[in-house]
There are 2 protein chains.
Amino acid sequence: MANESGVRPLRADAARNRRAVIDAARHAFAQNGVNASLEDVARAAGVGPGTLYRHFPTRNDLVLAVIEDGLAELHRLGVELLDDPDPLSALTRWLQAYIDQNSMYEGVARTFASPPPDGDERSSCRLALDVGAALIHRAVDADADDVRALASAIAWIDGQLPPDPERRARLLRMMLDGIRPR
Amino acid sequence: MANESGVRPLRADAARNRRAVIDAARHAFAQNGVNASLEDVARAAGVGPGTLYRHFPTRNDLVLAVIEDGLAELHRLGVELLDDPDPLSALTRWLQAYIDQNSMYEGVARTFASPPPDGDERSSCRLALDVGAALIHRAVDADADDVRALASAIAWIDGQLPPDPERRARLLRMMLDGIRPR
DNA sequence: ACCTGAACACCGTTCAAGT
DNA sequence: ACCTGAACACCGTTCAAGT
């Protein structure tokens with residue numbers, strides 16, 4: 001470990017390439033989903049495929065880098081909502097934001113659903129999930145992983161079906177309230 | 001249309017090849033999920049890739065052929081459960097079976113989730129979905145497509161996460177009962 | 001220490017030739 | 001009418017050579 005933040009410093013050109021790859025990936029993912037061609041991403045970033053693989057050994061590593069900002073935002077929002085006097089309303093709003101992030105790029109719900117890469121306990125990913133768990137436990141009597149899993153599942157299925165702008169909200173309500181017997 | 005059932009009869013060798021492809025696909029899907037290599041499937045079936053494509057123009061067509069039996073079973077079970085005096089228990093059991101079928105092959109939930117291919121109104125697919133809708137409307141006050149979508153979503157997320165034999169049942173209960181506020 | 005890009009492997013898909 | 005399999009395209013991944 002090379003410095004106190006745990007992040008080994010990169011040579012200037014390496015850092016530049018890393019940023020270029022992330023930016024190119026963000027555009028490609030927005031256009032074609034997270035399964036966009038990595039060859040295209042590398043070309044758009046102006047680097048060779050080997051450079052892309054050096055920085056991001058797996059596709060999921062690259063996806064995580066692209067959604068980094070979204071995870072930080074989920075963390076920030078979660079901390080803010082912990083001050084909300086209504087725990088259930090706060091949780092609902094956070095889950096809405098979580099589902100929105102899960103729907104940002106086609107196929108990205110898979111990454112949100114997967115367990116966070118271990119190693120850094122202070123990663124945006126871990127921080128966001130932790131504050132989510134706190135909001136869940138504060139509001140309802142349920143397992144935090146189950147609640148988050150079902151929220152990711154809602155984002156996934158919504159992306160599979162013909163567009164319906166109301167569906168995400170309906171399914172979230174169904175998840176929170178359950179189905180009412182006739 | 002060549003006969004009253006709407007199915008054009010195949011030449012004997014074509015019918016044999018079709019069966020061989022489906023059987024090979026079932027094995028390959030069981031092993032590697034529904035994204036298994038179609039080249040491998042064709043080779044295992046002893047046909048050229050062109051023959052596979054002639055019978056099944058898209059991968060989803062082949063997946064539908066493989067799950068045909070499962071859809072017929074869902075239909076049969078649904079008809080039986082319509083006689084169950086407890087509508088909510090009947091629905092729960094049908095949704096369990098539906099989720100089981102959605103979890104049969106890795107990635108198959110996507111096919112169950114997608115709208116049924118139109119054309120044949122009496123396909124196993126349509127019949128299964130129709131009886132499902134009847135069970136849903138008989139038991140609860142909710143949109144049948146939404147309920148089915150959420151069930152497919154549960155099957156999907158369960159397949160994404162580290163194995164947990166109880167998770168599917170927990171999430172189904174969460175979906176039916178909702179989350180209880182603390 | 002990092003980058004390049006050729007090279008390899010694998011696979012989806014098409015189609016001209018065959019039976 | 002159907003099948004075959006060569007051929008093409010595309011892409012993930014590696015690695016020897018370069019700076």
Under 4.0 Å between a side-chain nitrogen and a carboxylate oxygen: does that hold for A:Asp23 and A:Arg26? yes
Could you tell me whether B:Arg168 and B:Asp100 have a side-chain N and a carboxylate O separated by less than 4.0 Å?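 Judged by the 4.0 Å cut-off on N to carboxylate O distance, B:Arg168 and B:Asp100 do form a salt bridge.
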Proximal nucleotide (of D:dG12, D:dC2, C:dC11) relative to the A:Leu38 side chain: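 Within the option list, the nearest is D:dG12.
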Look at the side chain of A:Asn17 and decide which nucleotide, out of D:dC3, D:dG12, C:dC3, has an atom nearest to it.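 Shortest atom-to-atom distance from the side chain points to C:dC3.
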Between [atom2] of [N] and [atom1] of [X], the distance in whole Å:
X: A:Glu39; N: C:dA6; atom1: CD; atom2: P; answer: 12 Å
X: B:Arg43; N: D:dT4; atom1: CZ; atom2: C1'; answer: 14 Å
X: A:Asp61; N: D:dT13; atom1: CG; atom2: P; answer: 11 Å
X: A:Leu62; N: D:dT13; atom1: CG; atom2: P; answer: 12 Å
X: A:Arg16; N: C:dC3; atom1: CZ; atom2: P; answer: 10 Å
X: A:Arg11; N: C:dC2; atom1: CZ; atom2: P; answer: 6 Å
X: B:Asn35; N: C:dG12; atom1: CG; atom2: P; answer: 9 Å
X: A:Arg19; N: C:dC3; atom1: CZ; atom2: P; answer: 15 Å

Stem regions touching DNA chain C, defined by at least 3 consecutive Watson-Crick or wobble G-U pairs below 3.5 angstrom: C:4-8 with D:12-16, C:12-16 with D:4-8
Might you confirm whether atom CZ of A:Arg59 has over 12 heavy atoms from other residues, nucleotides or ligands at distances under 6.0 Å?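 Counting neighbours around CZ of A:Arg59, more than 12 heavy atoms of other residues, nucleotides or ligands fall under 6.0 Å, so yes.
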Counting only N and O atoms by type, is there a donor-acceptor contact under 3.5 Å from the side chain of A:Arg167 to the main-chain atoms of A:Ile154? no
Looking at DNA chain D, which of residues 46-57 of chain A put a heavy atom within less than 4.0 Å of it?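 Residues of residues 46-57 of chain A that come under 4.0 Å of DNA chain D are, in numerical order, A:Pro49, A:Gly50, A:Tyr53.
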Side chains of B:Trp94 and B:Glu80: does their closest heavy-atom pair fall under 4.5 Å? no
Check whether any side-chain heavy atom of A:Gln101 sits under 4.5 Å from a side-chain heavy atom of A:Ile67, and report yes or no. no
From B:Phe29 CZ over to B:Ile22 CD1, what is the distance, rounded to the nearest 0.5 angstrom? 10.0 Å
